[in-house]
Amino acid sequence: MDLNKLLSQLGVGAGKEAVYMSITPGVGLEVIQLDTSAKTVKNYSCRPLEYNESLREIGDMEAFKNAVSELFEELRIPLKSNVVLNLPMVIFGSTDLPILLADDAVTEAITSEVEQSYIFRRYEPIVSWYDSNNNRSGESRKLFYSAIQKNVVEEIVNALTELGIKLTSIEVSLTSLLKALAFTGLAEEQMKDNNSWNLMLITQSGYSIVSLVGKNIIDYYEEPLAIKSFEGDEIYNAINASAQITLMSYPANSLYIISETDMVSAELLVNRMHSDIPVKYWDNNDFKKQDALPVSLDVLEEVAHKISLEAIGVASGNSVGLPVKFNFMTGTASDSSSFDPNEPVHVVLGSKEFDISPNAARNVSLLIGIIVLIPVMGIFFGVPMIVNQKQALLDDVNSRLEQTNAEIKRIQDEQNKTNNFDVNTEIKNVLASNRSKLLAYTALGESVPKKLWLTYFVAKDDGKFDIKGEAMNVEDIYKFFRNMKDSLINTKLRLHKLQMKSNSVDDAVTIDLNAPAEYEFEITNMSDSEVAELEKANAAKDEKNGDGTQKTTEAEKK
């Protein structure tokens, strides 16, 4: 039976597809609908719309209303629809707060921090945040947050409400971009689990670095840059010079560059950069040479090339499992204080959406109860018969098991009496342990660059290694790291720590510019907990030797 017909008989309102809109600087207002199963664009059009980059708001709200009305009419979308809207990101950041802090207190603390921004000194913010679950240490947790102006959201809600349209959700450009990269497969390799990579976004106001592991954001950095003030190739030289220094603080396996401004070609920028890691790019602007997704014949050819990644990302809906999620509708259109218990509830089933009344919900619950009850009754009467049959089999198995255990015990007793010692097994165990250590020492001898010194090395019998050292520059550290990984193929080495060698913040500030900076690093294939236990054991051993006996030297540790 057709799903819509079944739901109609149960009293559920007619199904309707969600409509997705994106306010995209450089394009305007986009309205898009995807076929998520086929990964194609089945409906799309756009209209120019002025967006104030300085104030981060729509330039003319009346023009926004007119553009929405025209696009809905052109695409034959009914005005009584539910809309999900993508907005350009206003602010994004991270903070560390105590784990025991309640959600209300967290929101209040983040709001206070957001209000330091020049935009939110004038307008009240709507704040949304999520727990990254990446950096829980001690009693604190790392939270990522974003905020948009409350008055902007209210103006958009009012404008759409006047047209009979309901705004159900708001997303920001960063999350939409990440969803688009995952949905289209453009960053499939980068988004694999446990793979570290950097996403570089270039806009008219500068660039930002999003450091990720798979689909999880672990760090974020934003660098203002007056791109409009440069002419010709100066802009690429300026971005390249600044980004090369910034990226040294965010080591990763690869880099992905997306240009959001028509003033910068991501392809040309990549050609100017000198990087030791793979670099991919995508021009989300007029330099774009190909479309991210195929489009249906219903989409006009002259507008299909304008489809932005933000529009694709917001239209992908829940088809992409992205850990980064924000909710900006709390306290505005979806305020829980205005909830009406008799109002129909909006339900999403896959790509279909329904409005279901309380009576219809009871009917659906009753139907589900009957469907579930029938097999339960069968199980209730059928299980005792099956249990009796299986119990007889179990008794037979237990009897045989007791006999087998008795025979095993007899054989073990005989072996213990004769004091058997398997020489071959012991030799194999010793050779296997020494071979892994020998490979490690050989790899160290072949991999250490001239300006890199090792200060600590441990090779355990179970194939676990821990290497610490210092270097004059980051490049030698990466070269050493890659050589070790190539030499010890199956050890799963990772760069556990990389930081500038400095005893205090004042030392870091007063570094002699004529002398090369020194860096500390740690390479290991141990887990974080194993590294911590090893350091604790070494500290305890050194402290124990503080009674006058000679302390453990670095050579002895090796």
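Predicted model only: the values in this text are computed from it and were never measured. As a basis for the values below, the full set of heavy atoms in this structure was taken, side chains included, without hydrogen atoms, waters or symmetry mates.
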Between [X] and [Y], does any side-chain N to carboxylate O distance fall below 4.0 Å?
X	Y	result
Glu189	Lys280	no
Arg47	Glu30	no
Asp60	Lys65	no
Arg76	Glu73	no
Asp131	Arg141	yes
Glu115	Arg122	no

Looking at side-chain heavy atoms only, is the closest gap between [X] and [Y] below 4.5 Å?
X	Y	answer
Phe480	Phe521	yes
Glu124	Gln149	no
Tyr256	Asn198	no
Leu174	Leu201	yes
Glu223	Ser208	no
Leu293	Tyr44	no
Ile119	Ile91	no
Pro78	Phe72	no

Value rounded to 0.5 Å, distance of [atom1] in [X] from [atom2] in [Y]:
X	Y	atom1	atom2	answer
Lys306	Asp286	NZ	CG	8.5 Å
Ile239	Gln244	CD1	CD	12.0 Å
Lys289	Asp283	NZ	CG	8.0 Å
Ile156	Ile170	CD1	CD1	6.0 Å
Asn82	Ile165	CG	CD1	10.0 Å
Glu162	Ser69	CD	OG	12.0 Å

Please step through side-chain contact (heavy atoms from CB on, under 4.5 Å) for the pair Leu178 and Lys215, ending with a clear verdict. CA-CA 8 Å; Leu178 291 174; Lys215 297 178 182 178; over 6 Å; no
Begin with the C-alpha distance, continue with both residues' side-chain angles, and end with the deciding distance and a verdict on side chain to side chain donor-acceptor pair (under 3.5 Å) for Glu113 and Tyr145. CA-CA 10 Å; Glu113 187 168 337; Tyr145 62 84; 3.1 Å; yes
With a distance cut-off below 6.0 Å to the six-membered ring centre and an angular limit of 45° from the axis, does Lys150 pair with Tyr123 as a cation-pi contact? no
Centroid separation Phe144 to Tyr220 less than 6.0 Å: no
Between [X] (side chain only) and [Y] (backbone N and O only), is there a donor and an acceptor less than 3.5 Å apart?
X	Y	value
Trp197	Gly214	yes
Asn483	Lys479	yes
Thr40	Lys42	no
Asn216	Leu212	no
Lys142	Ile218	yes
Arg494	Asn525	no
Asn52	Leu55	yes
Lys288	Ile307	yes

Looking at every heavy atom in both [X] and [Y], which two are closest together, and how far apart are they?
X	Y	value
Val31	Met21	CG2-CG, 3.7 Å
Thr36	Ser316	CG2-O, 4.3 Å
Leu97	Leu143	CD1-CD1, 3.8 Å
Val303	Val299	CG2-CG1, 4.3 Å
Ala226	Ser229	O-OG, 2.5 Å
Phe92	Phe326	CE1-CZ, 3.6 Å

Take atom [atom1] of [X] as the centre, draw a 6.0 Å sphere, and report whether it contains more than 12 heavy atoms from other residues, nucleotides or ligands.
X	atom1	value
Glu302	CD	yes
Glu108	CD	no
Lys492	NZ	no

Partners of Tyr207 by side chain to side chain donor-acceptor pair (under 3.5 Å), sequence neighbours excluded? Ser242, Thr246
Reference residue Asn285; test side chain to side chain donor-acceptor pair (under 3.5 Å); the match among Ser259, Ser308, Ser265: Ser259
Option among Ser173, Ser176, Ser169 that satisfies the side chain to side chain donor-acceptor pair (under 3.5 Å) test with Asn86: Ser176
Test side-chain contact (heavy atoms from CB on, under 4.5 Å) applied to Ile217 and Leu322, Leu199, Val210, the passing residue: Val210
Side chain to side chain donor-acceptor pair (under 3.5 Å), that's the test. Do Glu310 and Asn284 meet it? Break it down for me. CA-CA 9 Å; Glu310 288 88 344; Asn284 197 32; 2.9 Å; yes
Begin with the C-alpha distance, continue with both residues' side-chain angles, and end with the deciding distance and a verdict on side-chain contact (heavy atoms from CB on, under 4.5 Å) for Val314 and Leu85. CA-CA 7 Å; Val314 71; Leu85 176 65; over 6 Å; no
Would you say the side-chain atoms of Ser140 and Asp96 include a donor-acceptor pair closer than 3.5 Å? no
Before giving the answer on side-chain contact (heavy atoms from CB on, under 4.5 Å), spell out for Tyr281 and Ile258 the whole-Å C-alpha distance, their side-chain angles and the decisive distance to 0.1 Å. CA-CA 6 Å; Tyr281 68 89; Ile258 296 178; over 6 Å; no
State which residues pass side-chain contact (heavy atoms from CB on, under 4.5 Å) with Asn237; sequence neighbours excluded, sorted by chain then number. Arg272
side-chain contact (heavy atoms from CB on, under 4.5 Å) for Lys166 and Val83? Distances and angles first, verdict last. CA-CA 6 Å; Lys166 182 179 180 181; Val83 165; over 6 Å; no
